Amino acid sequence: MSEDKLNQAARKAYAEVQKESDEAREHKEQADQSKKGKKDKGKAGKSDAELKPETSVEDSSETSSEGAEENTETTGVSQPASEEASTDQLEDELAQAQEKRIAELKDELAKVKDELARAHADLYNLQQEYNAYARRTKAEVPLQQEAGVASVVNALMGVLDDIELARVHDDLKGSFGAVATKLEQTLETNFKVKRYGAKGDAFDPNLHQAIQMSEGAEGDNHVIDQVAQPGYLVGERVLRPAMVIVGTATSAEKGSAEAKSGEAASEGDSSTPDESDNQ
C-alpha cells in the first residue's frame, strides 16, 4: 500500500468520526429543544386551568378546580419526566455508539500507520539493496573489461608470437611489418597489453618461468640468459609468464661474448671462399 493511499484512508476515517460527532450533537440539540417545548406547553396548560372562571355553584367550582389541578399536575409533571428519561437514554446510547465507532476508527488508523511504517521499511531495504548492487557493479566493470581484453589477447597470442619471431629474424618488413607494428602499438596504447622478457633482464619468479638453468648459474644474481617464449601483461595482470633459461650476469656476458665471436668467425669463413675465387 502506497503512502498516498494510507493518508487518504486516515483522512477518510477522521471525516467519518467528525460527521458522526456532528450528527450526534444535532440530535442532542433537537432533543433539548423538544424537551423545552413540552415543558413550556405543560406550564401553559396549568395557567389556563387556574384562570378558568368560577361557576355559579361553589362546590362544583371547587371540584372542577381540583380536577383541573390534578390533570395539570399529571400532564405537566409525569409526561416531561418520562420524556426526559427517554432523552437521557438516547443520549447514552448515542455516546456509547460514538465511543465504539471512535475506538474502531482508532484501531483502523493504528493498522494503517503500521502498514505505512512497514512500507517505509521495505522501501528503505530495497534502496539499500539497489545501492549495494550499484556499488558492486561499478567495482566489477574494470574487472570485466580486463577479462574481455585478456580473452582477445589470448586468441591473438599465437599471432603476436609469430610477429615477434619474424622481428627476431629480421623478416618484419614491408606492409606486413607496418601492419604488425600498428597492431602491437594499438594493443599497448588502448588496452595496456605489453610483451616482456628479454635477454639480460633480472629474473622475477612472479613474471618468468624458468625452464632451464645455465651452467655455473649459482648465487642470487640471476638474470635471463635466453628467452624461449615471451610473456604478456594486461596492466598488472600476467596473461602468460615468459619461459626463460636462467643464468648469472657473468654467464650471460660470457654467452654474449661467445655469440659475438661465433658470428665473427662465421663471417670470416664466409669471406674466405670469395677471396680464393678471386685468386
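None of these values were measured; they are calculated from a predicted model. By convention here, the first residue in the shown sequence is residue 1.
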Linking I/L/V/M/F/W/Y whenever any side-chain heavy atoms sit under 4.5 Å apart, do [X] and [Y] land together?
| X | Y | result |
| --- | --- | --- |
| F203 | V227 | yes |
| V179 | M157 | no |
| L156 | L172 | no |
| Y196 | L165 | no |
| M243 | L207 | no |

Quiz item: Hey, mind stepping through V238 and N206 against side-chain contact (heavy atoms from CB on, under 4.5 Å) and telling me if it holds?
Solution: CA-CA 9 Å; V238 178; N206 296 320; over 6 Å; no
[X] side chain vs [Y] backbone, donor-acceptor pair below 3.5 Å:
| X | Y | value |
| --- | --- | --- |
| R237 | A150 | no |
| T181 | G177 | yes |
| D114 | A110 | no |

Quiz prompt | Salt bridge flag under 4.0 Å for residues E115 and R118 | solution = no
Practice problem: Using a strict 4.0 Å threshold on nitrogen-to-oxygen distance, state whether D107 and K111 make a salt bridge. | Solution: no
Hey, are the side chains of [X] and [Y] touching, using non-hydrogen atoms and a 4.5 Å cut-off?
| X | Y | answer |
| --- | --- | --- |
| V193 | V152 | no |
| H208 | H222 | no |
| V244 | D225 | no |
| D88 | E91 | yes |
| E93 | L90 | yes |

Nearest 0.5 Å, please: how far is [atom2] in [Y] from [atom1] in [X]?
| X | Y | atom1 | atom2 | answer |
| --- | --- | --- | --- | --- |
| T87 | L94 | OG1 | CG | 10.5 Å |
| N154 | Y232 | CG | OH | 11.0 Å |
| E129 | Q127 | CD | CD | 11.0 Å |
| I211 | Q226 | CD1 | CD | 8.5 Å |
| L126 | N131 | CG | CG | 9.5 Å |
| Q128 | L123 | CD | CG | 10.0 Å |

Practice problem: Might you work through the side-chain contact (heavy atoms from CB on, under 4.5 Å) test for L187 and E184, ending with a clear yes or no? | Solution: CA-CA 5 Å; L187 290 175; E184 291 177 333; 5.9 Å; no
Practice problem: Answer yes or no: are there more than 12 heavy-atom neighbours, outside E236 itself, under 6.0 Å from its atom CD? | Solution: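 Counting neighbours around CD of E236, 12 or fewer heavy atoms of other residues, nucleotides or ligands fall under 6.0 Å, so no.
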Heavy-atom closest contact ([X] atom, [Y] atom, distance):
| X | Y | answer |
| --- | --- | --- |
| R240 | P230 | NH2-O, 2.7 Å |
| A242 | G197 | CB-CA, 4.5 Å |
| R195 | L160 | NH2-O, 3.2 Å |

Self-check item: Matching residue for I102 among Q98, K100, E99, E104 - test: side-chain contact (heavy atoms from CB on, under 4.5 Å)
Solution: Q98
